[in-house]
Amino acid sequence: MPKTALIAGASGLVGSQLLPLLLASGRYSRVVALGRRPLPMVHPKLEQRLVDFDRLDEHRSQLMADDVFCCLGTTMRQAGSREAFYKVDFTYVVKLAQLTAANFAGQFLVVSAMGADASSGIYYNRVKGQMEDAVRATQLRAVHIFRPSLLLGPRPEKRLGEQIGAVLLQLATPLLAGPLRRYRAIDAAAVARAMLRAAEDDGGGVRVHLSDAIAREGELTA
C-alpha cells in the first residue's frame, strides 16, 4: 500500500533535492514537510506542517509517517554558537527520531557528515557522531545514516569557504582514487537519490552510507 513520507529540512541543500523525488515516487501517497516557514510550492501529495522545533513534543500527533527523512543541519557560522549548532544538529534530529519512533515509523534516514565520530576532537564531527549514536538507540526498524563529503549544489546562502573547498576538491578529483574516492565532493542531488533508493529497498537494521557509496547509489537512480 502507498506510504507516508515525512521530511524535515526540505528547504536545505539536500532536502530541496529530495522533496521533488518523494512527491514523484509511487511509493508515497502523502508527503509531510516539517518546517518553520511555508515552502513556495503546491502539490496534491504535499502537506506542509509549520512547527516550532524547540517544542516538537507538542507536534507529536503531526509526526505520523512510514519513512522519515531528516535533512536538518546548520554550520557553526550560521548557528552563531556551539550551543545553537548543537540544538539543530543534535537535539532537533534526535527528538524527531524519538517521536517518530514512538509513533511507529519504520525507517529513519538522516544526513550526517563524513568524519562523524562521538569521540572526535573536532566539535562538528563529535556532535554528528553523538547524534548518530542517539538515533541508533531509538526503536526503529531501520536507520540509514548518510555521511557525504563536501556537498555541491545550489544554496540559498553563499559560503565562501565551502565554495573554495569545492573548487579545490574538484581539481583534485582525478587524484582521489581507490580508498580516497570517499573524499570527492558530492552533488546534493546524488545524496537525495541515494536516500530515496535506500527507503525503497525497505530493509532493516542500521546502515551507514559512506560518501563514495552514496555517489554510486545516486548514479544508479539518476
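A quick note: this is a predicted structure, and the numbers were derived from the prediction, not measured.
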Enquirer: Side chains of Thr4 and Arg30: any donor to acceptor distance under 3.5 Å?
Expert: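 A pair is found: one side chain offers a donor N or O, the other an acceptor, under 3.5 Å apart.
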Enquirer: Please check this pair: side chain of Arg82 against backbone of Met76, looking for a donor-acceptor N/O pair closer than 3.5 Å.
Expert: no
Enquirer: Would His144 and Val110 satisfy side-chain contact (heavy atoms from CB on, under 4.5 Å), going step by step from the backbone distance to the final call?
Expert: CA-CA 6 Å; His144 290 269; Val110 61; over 6 Å; no
Enquirer: Which atom pair, heavy atoms only, marks the closest approach of Leu39 to Ala10?
Expert: CD1-CB, 3.9 Å
Enquirer: Do Val208 and Val93 share a hydrophobic cluster, counting only Ile, Leu, Val, Met, Phe, Trp and Tyr and linking them when any side-chain heavy atoms are less than 4.5 Å apart?
Expert: yes
Enquirer: Can you find a heavy atom in the side chain of Gln62 that is under 4.5 Å from one in the side chain of Leu6?
Expert: no
Enquirer: Going only through I, L, V, M, F, W and Y residues with side-chain contacts under 4.5 Å, is there a path from Leu72 to Leu50?
Expert: no
Enquirer: Apply the test side-chain contact (heavy atoms from CB on, under 4.5 Å) to residues Leu196 and Arg193: give CA-CA distance (whole Å), side-chain angles for both, the deciding distance (0.1 Å), then the verdict.
Expert: CA-CA 5 Å; Leu196 177 58; Arg193 291 193 296 266; 6.0 Å; no
Enquirer: Rounded to the nearest 0.5 Å, how far apart are OH of Tyr92 and OG1 of Thr74?
Expert: 10.5 Å
Enquirer: Just so I know, are the side chains of His209 and Ile145 near enough to count as touching, which here means a heavy-atom distance under 4.5 Å?
Expert: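 No, too far: nothing below the 4.5 Å cut-off.
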Enquirer: Determine, using the 4.5 Å side-chain heavy-atom cutoff (strictly less than), whether Met41 and Leu18 are members of one ILVMFWY cluster.
Expert: yes
Enquirer: Can you check side-chain contact (heavy atoms from CB on, under 4.5 Å) on Leu99 and Asp57, steps first, answer last?
Expert: CA-CA 7 Å; Leu99 291 175; Asp57 290 280; 3.7 Å; yes
Enquirer: Can you give me the closest heavy-atom contact between Ser112 and Pro148, atom names plus distance?
Expert: O-CD, 3.9 Å
Enquirer: What are the two closest non-hydrogen atoms of Gly204 and Ala142, and how far apart are they?
Expert: CA-CB, 3.9 Å
Enquirer: Do Asp202 and Gln107 meet the criterion of a side-chain donor-acceptor pair at a distance under 3.5 Å?
Expert: yes
Enquirer: With a 4.5 Å cut-off on side-chain heavy atoms, are Val111 and Met195 touching?
Expert: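 Yes, at least one pair of side-chain atoms sits under 4.5 Å.
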Enquirer: Does the side chain of Arg147 reach to within under 4.5 Å of the side chain of Ser211, using non-hydrogen atoms?
Expert: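 Arg147 does not reach Ser211 side chain to side chain.
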Enquirer: Verify, without hydrogens or angle tests, whether Thr91 (side chain) and Val88 (backbone) share a donor-acceptor contact under 3.5 angstrom.
Expert: no
Enquirer: Please tell me whether Gln98 and Thr138 have a donor and an acceptor in their side chains that are separated by less than 3.5 angstrom.
Expert: no
Enquirer: Could you give the distance from OG (Ser119) to CD1 (Ile122), rounded to the nearest 0.5 Å?
Expert: 11.0 Å
Enquirer: Between Ala199 and Leu109, what is the shortest heavy-atom contact and its length?
Expert: N-CD2, 3.8 Å
Enquirer: Looking at Ser16 and Leu13, would you say the former's side chain and the latter's main chain have a donor-acceptor pair under 3.5 Å?
Expert: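 Such a contact is found between Ser16 side chain and Leu13 backbone.
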Enquirer: Decide yes or no on side-chain contact (heavy atoms from CB on, under 4.5 Å) for Tyr123 and Tyr86, but give the supporting numbers first.
Expert: CA-CA 10 Å; Tyr123 184 74; Tyr86 186 89; 3.6 Å; yes
Enquirer: Just so I know, are the side chains of Cys70 and Phe108 near enough to count as touching, which here means a heavy-atom distance under 4.5 Å?
Expert: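 In short, these two side chains touch, coming nearer than 4.5 Å.
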Enquirer: OG of Ser61 to CZ of Arg49: how many Å apart, nearest 0.5 Å?
Expert: 9.0 Å
Enquirer: Would a 4.5 Å heavy-atom cut-off, applied to side chains only, mark Tyr28 and Asp67 as touching?
Expert: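 Of all side-chain heavy-atom pairs linking Asp67 with Tyr28, at least one is under 4.5 Å.
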Enquirer: Do you reckon Met64 sits in the same ILVMFWY cluster as Leu46, going by side-chain contacts under 4.5 Å, direct or chained?
Expert: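 Met64 does not cluster with Leu46.
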Enquirer: Any chance you could measure Gln48, atom CD, to Ile7, atom CD1, to the nearest 0.5 Å?
Expert: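 Going from CD on Gln48 over to CD1 on Ile7, the span is 11.0 Å.
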Enquirer: Does a sphere of radius 6.0 Å around CZ in Phe104 hold more than 12 heavy atoms from other residues, nucleotides or ligands, not counting ones at 6.0 Å or beyond?
Expert: no
Enquirer: Do Arg36 and Phe53 form a cation-pi contact, if we require the NZ or CZ to be under 6.0 Å from the six-membered ring centre and within 45 degrees of the ring's axis?
Expert: no
Enquirer: Salt bridge between Glu217 and Arg207, side-chain N to carboxylate O under 4.0 Å?
Expert: yes
Enquirer: Do any N or O atoms from the side chain of Asn103 and from the backbone of Ala105 form a donor-acceptor pair under 3.5 angstrom?
Expert: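 Answer holds: no.
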Enquirer: In Å, rounded to the nearest 0.5 Å, how long is the span from NZ of Lys128 to CG of Asp89?
Expert: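 Going from the NZ atom of Lys128 to the CG atom of Asp89 covers 4.0 Å.
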Enquirer: Are Thr75 and Tyr124 close enough that some pair of their side-chain heavy atoms sits under 4.5 Å apart?
Expert: no
Enquirer: How long is the span from the CZ atom in Arg197 to the CG atom in Asp201, to the nearest 0.5 Å?
Expert: 5.5 Å
Enquirer: Taking the basic N atoms (NZ, or NE/NH1/NH2) and the acidic carboxylate oxygens, is any pair closer than 4.0 Å for Glu58 and Arg55?
Expert: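 Yes, this pair counts.
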Enquirer: Taking the side chain as every heavy atom from C-beta outward, state whether Leu34 and Leu96 have any pair of such atoms under 4.5 Å apart.
Expert: yes
Enquirer: So, does Lys45 use its side chain to make a donor-acceptor pair with the main chain of Leu23 at under 3.5 Å?
Expert: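 Judged by distance alone, yes, a pair lies under 3.5 Å.
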Enquirer: Which atom pair, heavy atoms only, marks the closest approach of Gln17 to Pro20?
Expert: O-CD, 3.5 Å
Enquirer: For Met114 versus Asn125, what's the shortest heavy-atom pair and its separation?
Expert: O-OD1, 3.7 Å
